[in-house]
Structure formats: C-alpha cells, structure tokens
Amino acid sequence: MNQETRVRTRFAPSPTGYMHIGNLRTALYAYLFAKAKGGDFILRIEDTDRARYVADAVEFIQNTLKAAHIVPDEGPGIGGDVGPYVQSERQEIYRRYAEDLVKSGHAYYCFCDDKREEQEIAGSFKGYPRTCRDLPLAEVERHLAAGDPYVIRQKMPLAGETTYFDVLHGNITIPNEELEDQVLLKRDGLPTYNFANVIDDHLMGVTHIIRGAEFITSTPKHVLLYEAYGWDLPVFIHLAPVMGKDAEGQVSKLSKRHGATSFNDLVNMGYLPEAITNYVALLGWNPKTTNQEIFSMEELKELFSLEGLSKSPAIFDYDKLGWINGEYFKRLTDAEFAALARPYAGDLPENLAAKWDFLAALLRTRLTKLADIPGEIAFLKEMPPFAAALYVNKRNKVTVEKSLEILPPIIEILAGIDEANWTNDYLYAALNEHIEKVGLKKGTAMWPLRIALAGQTVTPGGATEILYLLGKEISLERLRDSLDKLSV
RNA sequence: GGCGCCUUCGUCAAGUGGUUAAGACACCGCCCUCUCACGGCGGGUUCAUGGGUUCGAAUCCCAUAGGCGUCACCA
C-alpha cells in the first residue's frame, strides 16, 4: 500500500440488538485508528443470517455508537460512495462475485445435502465435503437447469500452507489442509460472513481490518479469496478478547455470569458513557508516552496508535471502571451531577427532594456508579434498626455510657434552634460552641450524634449534614427515639 | 482431538540484552477529618516452568505447562 492511501476502517456488527463490551472496544479502536490517521470510519451491518435478524437492531447499534461518541463517516442512514452499507441489500453483488470465482476455477457449485452431522458421527469430517468439487460441467448444468438447490463453495488448495501478516501477531501460517471448502453463497442466496466480508472490505476500500482474535484462523480463507481475485491485501489487526472473572476467580470470555457485559447494561448501572469509553480504550491499549489515564475522546483520537495495542487478553475490572467513573463524577459540577443522579434516587420524601442538590453534592465524591445511590440514601428515608454497639468507637473514645451522657444536652440545644436557622453551617457552629464549652473532642460528640441519627457507621455526610437533610422535626424524633432505646 | 494464538504484581500495564522491573486500580498502614469518601504520604516475593545462547536475559532460541480461540449453508 502506498503512502497516499487514505486509511479506512470499519465496524461490521451483526444486528443482534446487543452491544457486547468487546464489540464496543473493537469499534472504538477501529474508529480511533481511522481518526488518528485522518481517515474514514465505516459502519457496515452484516445481516446475512436471516434466522438471527432482530428488529430495530440497526437503530440500536447506531444509538449505542452515538452514546459512546463513536461517529461513523459512512454507513446506513449516513450515506457514502460505496454503499449500500447493509449486506442484505447487496445480494446481487455477492452473487456476481461468487459466479466470477466459479468461472476462474476458485469455486464450484455444490448440490449435496448438508451431511455434516452424519460425517462427523462417521469420524471422517476432515476434507468434507468435496463431493461436488470435480463435478463434470455437463452435470453442473443439468442440475442448474433442473433448478436444483445449490451452494457455492470455495476450492481450497489441498496441500501447502497459507501465511499472512498480522500487525499484532506477526506472520501467521495455517496448513491448507485445515481449510474446508467453505460455503461462499448459501442455499438461500445470501453470502456467508467469510465471503461477504472480503467482498465488502475490498469494494469499500477498507485498508485496515481491526477485528476480534476469533478470526485469526479463518483469515487464511479470506487471504485466498483476495488472491483469487488478484486484490491487494488489507492490513490485518486481530484484537485479543476481553475476559471476565467470576466469583470463584475463574477467567473466561466476558459473559453474563461476570455481571453486565453490554454497553447499555453499564450505562443503566450508572457508569457514564464517557467513562466506559475511557476505560474500555485502556483495556488492551496503552498510550505509551504518558501515564495519564483520563482521556477525552479528542485526546484518544490524537494519541491512538497500533503500537500500544496489547496482544494478550485483558480481564474486565469493575474496580478500575468504578474509579474512572468516579473521576468523571469529580469533573462534573455539583449541578450537573445532581441532575444526572436524580433519577437513581427514586421517590424522595418532600424534605429530601427539596434538598436534593445538597445531598447529591455529598454523594458525588463517594460513588463509583449511580446505581449505588438508593443504598447510600436509604437511611435518610427510613431509620434502620441498629445495635447499641455501633456507638462504640475507639478512635473517638466513645462508649455506650459516654453516648448516654453526650446526647441529652445536644438534643436540648438542637430543640432550641429555630427552624429558620436549621442549616448545616448554623448547626455546625452551634454544636461546636457547645463541644468547646464542655471540653469534648469534636469526634467524641459527633460520633454518637451521627449514629443516633443515622443508625449506621458509614454515611454520606457528617452529623450536622444529616441533621440538615432530615430537618428539625425528624431529627429530634430520631434522636429521642434512639436515646430512649439506649437508656433501657 | 487437529490447527492457531497468548503468558510481567490480584487486575490494567511500561519494558524490546545491563533498570532499585515504571505508573494506575484494588488491598494494607499513617496523615487529614463531625464517620466514610476526597486529598496527601508510605507498604507488598510480579517477569508460568525447565533448558539453552550470552560476561550479563523479563527481553533471544527450544521444550513443557496452563489459558483462550477455531474446526457451521453463525458472525
């Protein structure tokens, strides 16, 4: 390929209505590479399996890419010079190319039934099926004239080996006897993946094929096709898979048992699309020149290079995703975060709903995903039952007895504060004054207060913040109730 | 099973013959602190195993093991 060739990459999903995070990463890398090189990124839909067709899947894919800020230059609904970009609309093209291959002797009509199962049982599956490989021309014409159903198969070399170059893995060589005379055109007239893929990549001018490692062993078949047509080979880049780890620590290809595996699942859990994209970019790619980890899409487009790709599988790590998501939360303003987080809080009692912005600000630095919000704020909606042992805190020198002494005067002070002054700042100042007067350590007084108020040791916000959120009435109610239980 | 790919801390990873083997997440400790979190400082038997090559190997070669993929009229 010469220097002036414009880089063109593509993402070619089948319309399943589900965007696996591994697929999203493939799309991302193909997109980033094209953009890093000032080239084009194409979206092509590979819907040649009628049985697997899912309604609205194309729209779903487009929406997902949009949410992830991956923007195709060409594709269905976008246009471009080499469309259509949906394979089911290109049927005639494949047929023509398949027939050309028959004429040039690289493929042949096959009228056999699909006997694979029988053959496998018989244990002679290798080399199958080549029955029609050398069918006399007259015989072929007789079948065609009779309208017999057929497939077109690729004629593989019986000996030797095929080698191609992969950017990540170097030369890959597969013995030709491993290659089956694969079907190119199916009985229903539609092409198989292995055929349509090659035709389209060539016709659409794709220069770099970035796809999953599961295609490493079928690529020699594609290479043979390119050679049969006399076409230049594109550059192959086979990405290592994304793995998951289950509860037992077993590693396997990322799937349901590892939790959410689709982009949309993660978004619904409250990971920001930008954070997911950022994390996924780093899962199998490293910028090399910097230790930076938080990247905008613009930065990624500039930095991305094939050299940073990793050839070994990477395990999807929710901890790291959570950290990156948290970093994105911290970069938002309080108002932005409050708006984004509100739907996850569910129905809020009036007192809390009115103070949502204040609550959200407390939550912002404490969360790794929005779906954790209900659990974080449950104690504000309803006082959880708790054991007196929670009052005991060594570092703040608090015991149950001590709490019994500390609480009553504080409750009295709080009861005397006017509703109008019931703000975090005022409450904090008032309590602080009392604490200093009686010579307590701040933590010693605040600990039991927060426990009596919240019923749990870990809370978003400190004692006075919780007082403010709960409001005077509920706060005093909770405190008196807790004190009663403690006195028994 | 055949063929193929992969193998640096628990995880993501830098590293391309000479480094105290970066950095990040997670974990642990300390500091900060009205708890937690945030922030700051610090900690940890990491080069799968066995052979070579070399003055010297995480880096090169060969085996072994393990993991993964593939062997469809699915992609």
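Because the structure is a prediction, the values reported are computed rather than measured. Chain A is the first sequence line, chain B the second, and so forth, proteins listed ahead of strands; every chain is numbered from 1.
Annotation: B:A26 and B:A13 have their C1' atoms spaced 14 Å apart (nearest Å). Going from the C1' atom of B:C9 to that of B:G15 covers 15 Å, rounded to whole Å. Nucleotides B:A21 and B:U59, compared at atom C1', are 11 Å apart to the nearest Å. Separation of the P atoms belonging to B:G10 and B:C47 is 9 Å when rounded to the nearest angstrom. Nucleotides B:A63 and B:C3 have their P atoms positioned 13 Å apart, rounded to a whole Å. Comparing the P positions of B:A22 and B:A14 gives an interatomic distance of 14 Å, to the nearest angstrom. Between B:G51 and B:C41, the distance separating the two C1' atoms is 45 Å to the nearest Å. Taking atom P in both B:C73 and B:U16, one finds a spacing of 47 Å when rounded to whole Å.
With sequence neighbours excluded, no residue forms a salt bridge (Lys or Arg N to Asp or Glu O under 4.0 Å) with A:D47. Taking the side-chain contact (heavy atoms from CB on, under 4.5 Å) definition, one finds that A:A429 meets it with nothing, sequence neighbours left out. Partners of A:N23 under the side-chain contact (heavy atoms from CB on, under 4.5 Å) rule, at least two apart in sequence or in another chain, are A:F11, A:M19, A:H20. The side-chain contact (heavy atoms from CB on, under 4.5 Å) test applied to A:P409 returns A:H434, not counting sequence neighbours.
Listed pair A:K330 / B:A37 fails the phosphate criterion, with no side-chain N or O lying under 4.0 Å from OP1 or OP2. Residue A:T48 has a polar side-chain atom (N or O) positioned under 4.0 Å from OP1 or OP2 of B:A75.
Look at A:E99 and A:R96 and you find no salt bridge, because none of the NZ, NE, NH1 or NH2 atoms lies under 4.0 Å from a carboxylate O. Salt-bridge formation is detected for the pair A:R44/A:E46: a Lys NZ or Arg NE/NH1/NH2 atom is positioned less than 4.0 Å from an Asp or Glu carboxylate oxygen. The residues A:D181 and A:K155 are annotated as not salt-bridged, no charged nitrogen and carboxylate oxygen being separated by less than 4.0 angstrom.
The base of B:C73 does not come close enough to the side chain of A:T192 for any donor and acceptor atom to sit less than 3.5 Å apart. Side-chain N/O atoms of A:R395 and base N/O atoms of B:U35 include no donor-acceptor pair closer than 3.5 Å.
When distances run from any side-chain atom of A:M243 to the nucleotides B:C3, B:C36, B:C68, the shortest one goes to B:C68. The side chain of A:R450 lies closest to B:U35 when the candidates are B:C74, B:C3, B:U35. With B:C5, B:C74, B:C34 as the choices, the nucleotide that has an atom nearest any side-chain atom of A:K186 turns out to be B:C74. Nearest nucleotide to the A:T365 side chain, out of B:C5, B:A37, B:G39: B:A37. Nearest nucleotide to the A:Y193 side chain, out of B:G2, B:G4, B:A75: B:A75.
Checking B:U45 for Watson-Crick or G-U wobble geometry (two distances, each under 3.5 Å) identifies no partner in any strand. If you check B:C34 for Watson-Crick or wobble pairing at under 3.5 angstrom, you find it has no partner at all. Pairing for B:C5 goes to B:G67, judged as Watson-Crick or G-U wobble with the two contacts each under 3.5 Å. Nucleotide B:G50 is matched to B:C62 when pairs are restricted to Watson-Crick or G-U wobble geometry with both distances under 3.5 angstrom. Taking a pair to require two hydrogen-bonding distances under 3.5 Å in either a Watson-Crick or a G-U wobble arrangement, B:A26 remains unpaired. The partner of B:C74 is absent, by the rule that a Watson-Crick or G-U pair needs both atom distances under 3.5 Å. Pairing for B:U16 is absent, judged as Watson-Crick or G-U wobble with the two contacts each under 3.5 Å.
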Sequence neighbours left out, cut at 3.5 Å: what donor-acceptor pairs do the side chains of residues 210-219 of chain A make with other protein atoms?
{"from": "A:R211", "atom 1": "NH1", "to": "A:T219", "atom 2": "OG1", "distance (Å)": "3.3"}
{"from": "A:R211", "atom 1": "NH1", "to": "A:H238", "atom 2": "NE2", "distance (Å)": "3.2"}
{"from": "A:R211", "atom 1": "NH2", "to": "A:Y193", "atom 2": "OH", "distance (Å)": "3.4"}
{"from": "A:R211", "atom 1": "NH2", "to": "A:N197", "atom 2": "OD1", "distance (Å)": "3.1"}
{"from": "A:R211", "atom 1": "NH2", "to": "A:H222", "atom 2": "ND1", "distance (Å)": "3.3"}
{"from": "A:S218", "atom 1": "OG", "to": "A:F215", "atom 2": "O", "distance (Å)": "3.4"}
{"from": "A:T219", "atom 1": "OG1", "to": "A:F215", "atom 2": "O", "distance (Å)": "2.6"}
{"from": "A:T219", "atom 1": "OG1", "to": "A:H238", "atom 2": "NE2", "distance (Å)": "3.1"}

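Among the heavy atoms of the strands, none lies under 4.0 Å from A:Y279. Within 4.0 Å of A:S218, counting heavy atoms only, lies no atom of the nucleic acid at all. Among the heavy atoms of the strands lying under 4.0 Å from A:T173 are primed sugar atoms or P, OP1, OP2 only; no base atom is included. A:S14 comes within 4.0 angstrom of sugar-phosphate atoms only, judged by non-hydrogen atoms across all strands, and of no base. Residue contacts for A:G461: at a heavy-atom cut-off of 4.0 Å it reaches a base atom on one of the strands shown.
Mapping A:D319 and A:P175 onto RNA chain B by nearest heavy atom places A:P175 closer to the 5' end of the strand. Heavy-atom distances to RNA chain B give each of A:L283 and A:A463 a nearest nucleotide, and the one nearer the 5′ end belongs to A:L283.
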Protein-nucleotides 21-24 of chain B N/O pairs closer than 3.5 Å?
{"from": "B:A24", "atom 1": "O4'", "to": "A:E293", "atom 2": "OE2", "distance (Å)": "3.0"}
{"from": "B:A24", "atom 1": "O2'", "to": "A:E293", "atom 2": "OE2", "distance (Å)": "2.2"}
{"from": "B:A24", "atom 1": "O2'", "to": "A:K320", "atom 2": "NZ", "distance (Å)": "2.8"}
{"from": "B:A24", "atom 1": "N3", "to": "A:K320", "atom 2": "NZ", "distance (Å)": "3.2"}

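Between A:F358 and A:Y468, the ring planes are perpendicular. Angles over 60° get that label, and only those under 30° would be called parallel.
In the model, A:T368 has no side-chain atom that pairs as donor or acceptor with a side-chain atom of A:N325 under 3.5 Å. Inspection of the A:Q154 and A:E180 side chains reveals no N or O donor paired with an N or O acceptor under 3.5 Å.
Counting only residues at least two apart or in different chains, salt bridge (Lys or Arg N to Asp or Glu O under 4.0 Å) contacts with residues 422-439 of chain A are absent. Pairs passing the side chain to side chain donor-acceptor pair (under 3.5 Å) check and including a residue from residues 438-453 of chain A, sequence neighbours excluded, read A:Y428-A:K442, A:R450-A:T459.
Straight-line distance from the CD atom of A:E214 to the P atom of B:C71: 10 Å, rounded to whole Å. Distance A:I216 CD1 to B:C3 P: 17 Å, rounded to the nearest Å. One interatomic measurement links the two molecules: CZ of A:F329 to C1' of B:C38, which rounds to 14 Å at whole-angstrom precision. Per the geometry, CD1 belonging to A:I324 stands 13 Å off C1' belonging to B:A13, to the nearest Å. The CZ atom of A:F236 sits 16 Å away from the P atom of B:C5 (whole-angstrom rounding).
Residues from residues 303-317 of chain A that place a heavy atom under 4.0 Å from any atom of RNA chain B, listed by number: A:S310, A:K311, A:S312, A:P313, A:A314, A:I315, A:D317.
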